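Just so you know, these numbers come straight off a predicted model, no measurement behind them.
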Amino acid sequence: QVQLVESGGGLVQPGGSLRLSCAASGFTLTYYSIGWFRQAPGKEREGVSCIYNSDGSTYYADSVKGRFTISRDNAKNTLYLQMNSLKPEDTGVYYCAARLRVQAPCVPSAFDHWGQGTQVSVSS
C-alpha cells in the first residue's frame, strides 16, 4: 500500500514562496497519476496541479498558472510543488494524492491514495 507524506508548509507573507514535498513509500507499483490538492475551511477540496507518468504532462488550475510549478524526483520517489508569488487565497491544507493505472483528471474524486496534508498560510 502506498503512503504519501507531505511536508514544507508554513506561514508566509503575500508575495513569498514555499516549496512543498510529498514523499511516497511502502509501494512498489508505479502510479500513473499524482498531484496536489488544497482545501480551506468551508470550501471544497480542489485540484491544484497534477503530473502524469505516462508522458510527463502536467495540469495547473487557472488560479495558480504562472506561479506554481509541479515536479518530481523519481529516484527519491518524491513529488514537489514550488509555489511563488503566494496570495492569501492560496491559504489551505495542501494534500498530495495518487491514482494507479489510469491518467486521472485532476479532481479529488479521481484519486484514491492521499497524504495527511500540510498547512499553508499566506498572511501579512
Side-chain angles (χ1 to χ4, degrees):
Q1 179 74 296
V2 66
Q3 183 174 7
L4 303 169
V5 180
E6 303 94 336
S7 62
L11 175 64
V12 296
Q13 296 186 61
S17 296
L18 207 59
R19 187 197 193 204
L20 305 183
S21 299
C22 173
S25 63
F27 193 67
T28 58
L29 297 177
T30 60
Y31 53 80
Y32 285 15
S33 307
I34 192 166
W36 291 97
F37 301 80
R38 68 186 180 189
Q39 186 170 24
K43 297 182 180 179
E44 295 183 349
R45 191 171 299 183
E46 63 177 340
V48 176
S49 182
C50 291
I51 189 166
Y52 301 98
N53 289 342
S54 59
D55 56 7
S57 62
T58 57
Y59 162 87
Y60 294 95
D62 288 342
S63 60
V64 307
K65 284 181 179 177
R67 300 188 297 120
F68 291 10
T69 303
I70 191 170
S71 63
R72 60 188 174 189
D73 185 335
N74 290 333
K76 296 175 64 176
N77 213 27
T78 300
L79 178 75
Y80 302 97
L81 185 68
Q82 179 66 47
M83 305 186 294
N84 298 326
S85 302
L86 283 162
K87 305 174 180 179
E89 51 263 44
D90 295 318
T91 294
V93 178
Y94 282 68
Y95 302 86
C96 63
R99 172 79 180 272
L100 305 182
R101 301 188 183 277
V102 301
Q103 185 162 304
C106 198
V107 298
S109 62
F111 288 74
D112 55 1
H113 295 93
W114 292 84
Q116 83 290 348
T118 185
Q119 177 70 45
V120 172
S121 298
V122 185
S123 176
S124 60

**Q.** Ile51 vs Ile34, side chain to side chain contact (heavy atoms under 4.5 Å, CB included): CA-CA, chis, key distance, verdict
**A.** CA-CA 6 Å; Ile51 189 166; Ile34 192 166; 3.5 Å; yes
Taking the side chain as every heavy atom from C-beta outward, state whether [X] and [Y] have any atom pair closer than 4.5 Å.
X: Val5; Y: Gln116; answer: yes
X: Thr69; Y: Arg19; answer: no
X: Glu46; Y: Arg38; answer: yes
X: Leu81; Y: Tyr94; answer: yes
X: Pro41; Y: Lys43; answer: no
X: Thr78; Y: Arg72; answer: no
X: Val12; Y: Met83; answer: no
X: Gln3; Y: His113; answer: no

Q: Determine whether more than 12 heavy atoms belonging to other residues, nucleotides or ligands lie under 6.0 Å from atom CD of Glu89.
A: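 Count over threshold, so yes.
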Closest non-hydrogen atom pair between [X] and [Y], with its separation:
X: Ser63; Y: Arg67; result: O-NH2, 2.8 Å
X: Gly47; Y: Ala61; result: O-CB, 3.6 Å
X: Leu4; Y: Ala24; result: CD2-CB, 3.7 Å
X: Phe111; Y: Ala104; result: CE1-CB, 4.1 Å
X: Pro14; Y: Ser124; result: CD-N, 3.7 Å

(Q) Given the ring of Tyr95, does Arg45 sit roughly above its face, with NZ or CZ under 6.0 Å from the centre of the six-membered ring and within 45° of the axis? (A)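 Judged by the rule (NZ or CZ under 6.0 Å from the ring centre, within 45° of its axis), Arg45 counts as positioned above Tyr95.
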Q) Between Phe68 and Trp36, is the gap from one ring center to the other below 6.0 Å? A)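 Centroid separation for Phe68 and Trp36: 6.0 Å or greater.
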Q: Mind running side chain to side chain donor-acceptor pair (under 3.5 Å) on Ser17 and Asn84 for me, showing each step along the way?
A: CA-CA 4 Å; Ser17 296; Asn84 298 326; 2.9 Å; yes
Give a yes or no answer on whether the side chain of [X] reaches the backbone of [Y] with a donor-acceptor pair at less than 3.5 Å.
X: Ser121; Y: Leu11; value: no
X: Asn77; Y: Asn74; value: no
X: Thr118; Y: Ser7; value: no
X: Ser33; Y: Val102; value: yes

Q: Could you tell me the separation between the OG1 atom of Thr91 and the CG atom of Leu86, rounded to the nearest 0.5 Å?
A: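 Those atoms lie 8.5 Å apart.
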Q.
To the closest 0.5 Å, what do you measure between OH (Tyr32) and CZ (Arg101)?
A.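 Tyr32 atom OH to Arg101 atom CZ measures 6.5 Å (nearest 0.5 Å).
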State yes or no: do [X] and [Y] share one hydrophobic cluster built from I, L, V, M, F, W and Y residues joined by side-chain heavy-atom distances below 4.5 Å, directly or via other members?
X: Val64; Y: Ile70; result: yes
X: Tyr52; Y: Tyr80; result: no
X: Tyr59; Y: Val48; result: no

Q: Identify the residue among Cys96, Cys50, Ser49 that makes a side-chain contact (heavy atoms from CB on, under 4.5 Å) with Phe37.
A: Cys50
**Q.** Salt bridge present between Asp62 and Lys65 (N-O < 4.0 angstrom)
**A.** yes
